[in-house]
Amino acid sequence: MNAVDAQPSIGLEVTERMAQPQLQDLLEAGVHFGHQTRRWNPKMRRFIFAERSGIYIIDLQKTLRQITKAQELLRNVVLKGEGVLFVCTKKQLKAIVQAEAEACAAYYVTERWLGGMLTNFQTLKKQIRRLRELEQGAAEGDFENYTKKEKLLFERERVKLSRNLEGIKGMGRLPGALFVVDAKKEKIAVAEANKLGIPVVAIVDTNADPDVITVPVPGNDDAIRSVSLITAALSDVIKEARTQMPMREVTEDLDAETYSTDAGSEGDADADRKRRRPRRKRRPKPEAIAARLKTDADAEGVAEAAAPSAASDAGA
């Protein structure tokens with residue numbers, strides 16, 4: 001009986017160890033290696049332990065502390081039913097981030113951060129809707145009656161949209177939090193999140209600015225093992241919280257608005273024309289007309305009186 005009871009506890013310890021890496025794990029993964037001393041941000045001074053051979057060494061005790069804070073923040077966001085967006089466009093790391101995001105049912109951007117992806121989210125939803133239309137048309141055979149050139153253009157458009165929007169295709173509203181790898185490289189994403197008040201968790205190296213990050217996690221943002229270890233620790237927490245609270249359904253679906261068409265633009269023009277204020281008709285005012293005629297007559301009388309006097313002066 002005791003042996004049977006011990007098995008679940010062992011599994012629980014393994015799960016906790018995976019979600020919360022130890023100091024030795026961070027050391028083996030090379031999380032403590034920063035950038036060269038000439039490429040540093042003075043604001044990272046509080047996270048730096050020492051300098052060795054021209055390279056800054058990150059304090060792993062503070063890294064562990066920040067990982068715990070980041071896990072707590074992301075857990076609270078997920079328990080509210082919100083989504084988390086993973087952002088990493090580094091070629092050598094995007095496969096790892098994408099795999100971890102898919103494992104915990106999070107959104108991800110690994111190809112390219114499109115400007116205005118958060119601040120101009122209404123336009124982004126139109127692009128997502130267009131991608132869904134193209135995928136649905138290709139799956140159901142709606143493009144069979146089109147010419148070969150039109151089919152090719154549809155396929156090119158679908159591939160282009162899918163390359164940039166595949167990871168956020170199901171994101172019907174703004175995410176509850178961002179997880180960013182390399183805060184300096186993804187500064188546009190961080191700036192948009194700060195403008196909208198979205199909390200940001202990011203892996204910051206010694207050359208980044210931690211003040212613009214809600215919960216900065218100091219660590220090596222270039223090594224594959226380092227990023228994989230930190231990302232897995234956060235992904236496990238998101239996955240665990242998601243089992244307790246599924247993501248809230250979006251009341252306003254992406255299909256609520258019609259994709260821009262000629263008919264839609266004409267309808268908007270007709271509505272603007274109806275709302276336009278009618279032109280006011282000018283009413284004649286008899287008293288103003290009489291005063292104007294009287295003024296003109298007086299001016300003509302003065303001119304006629306002045307003409308004879310001028311002629312007499314000329315004869316003299």
Side-chain angles (χ1 to χ4, degrees), residues 14-41 43-74 84-104 106 108-111 113 167 177-187 189-190 200-210 212-239:
V14 172
T15 304
E16 291 177 352
R17 185 165 60 250
M18 290 178 60
Q20 182 60 41
Q22 301 301 317
L23 187 63
Q24 185 65 26
D25 300 331
L26 298 177
L27 197 61
E28 293 176 356
V31 180
H32 57 291
F33 290 118
H35 282 286
Q36 297 176 353
T37 54
R38 58 185 176 85
R39 296 177 53 202
W40 80 304
N41 192 319
K43 296 180 181 179
M44 285 292 295
R45 188 189 306 273
R46 63 181 186 269
F47 297 117
I48 295 176
F49 177 73
E51 181 262 332
R52 294 288 186 274
S53 303
I55 296 176
Y56 279 121
I57 305 299
I58 297 173
D59 191 345
L60 294 183
Q61 293 286 353
K62 296 182 178 179
T63 301
L64 285 175
R65 195 180 311 140
Q66 292 299 108
I67 289 177
T68 304
K69 290 182 180 179
Q71 289 174 332
E72 189 65 25
L73 187 147
L74 295 180
V84 180
L85 177 61
F86 285 41
V87 182
C88 176
T89 57
K90 287 187 173 181
K91 293 183 179 180
Q92 72 272 21
L93 301 173
K94 62 182 182 180
I96 298 172
V97 175
Q98 178 177 343
E100 293 293 344
E102 292 175 347
C104 64
Y108 60 89
V109 175
T110 56
E111 187 65 29
W113 181 268
L178 257 68
F179 170 63
V180 178
V181 176
D182 195 344
K184 186 175 182 180
K185 181 178 176 61
E186 312 297 342
K187 59 182 180 180
V190 174
V200 180
V201 174
I203 302 177
V204 292
D205 213 324
T206 55
N207 64 339
D209 182 6
V212 297
I213 308 299
T214 309
V215 181
V217 179
N220 189 349
D221 58 9
D222 295 318
I224 295 177
R225 293 182 61 188
S226 171
V227 173
S228 177
L229 181 64
I230 298 175
T231 306
L234 301 179
S235 175
D236 291 340
V237 171
I238 296 175
K239 188 189 307 181

Tell me, do V180 and W113 make a side-chain contact under 4.5 Å, heavy atoms counted? no
Taking C-beta and beyond as the side chain, do I48 and I58 meet within less than 4.5 Å on heavy atoms? no
Below 4.5 Å, heavy atoms only, C-beta onward: do V215 and Q66 meet side chain to side chain? yes
Interatomic distance, NZ@K62 vs CZ@R46, rounded to 0.5 Å, equals 8.5 Å
Could you tell me the separation between the CD atom of E100 and the NZ atom of K239, rounded to the nearest 0.5 Å? 7.5 Å
Might you work through the salt bridge (Lys or Arg N to Asp or Glu O under 4.0 Å) test for K187 and D209, ending with a clear yes or no? CA-CA 10 Å; K187 59 182 180 180; D209 182 6; over 6 Å; no
So, using side-chain contact (heavy atoms from CB on, under 4.5 Å) as the criterion, who are the partners of T37 when residues are at least two apart? E51, Y56
Before you tell me yes or no, could you show the steps for H32 and L26 under side chain to side chain contact (heavy atoms under 4.5 Å, CB included), namely the whole-Å CA-CA distance, both residues' side-chain angles and the distance that decides it to 0.1 Å? CA-CA 7 Å; H32 57 291; L26 298 177; over 6 Å; no
Flag the pair V201 / T214 as yes when at least one side-chain heavy-atom distance between them is below 4.5 Å, and no otherwise. no
Report yes if the side chains of V204 and D221 come closer than 4.5 Å at any heavy-atom pair, otherwise no. no
Can you tell me if S226 uses its side chain to pair, donor with acceptor, with the backbone of N220 under 3.5 Å? yes
Atom NZ of K90: over 12 foreign heavy atoms under 6.0 Å: yes
Separation of F179 CZ from T231 OG1 (nearest 0.5 Å): 3.5 Å
Does A99 have any side-chain contact (heavy atoms from CB on, under 4.5 Å) partners at least two apart in sequence or in another chain, and if so, which? none
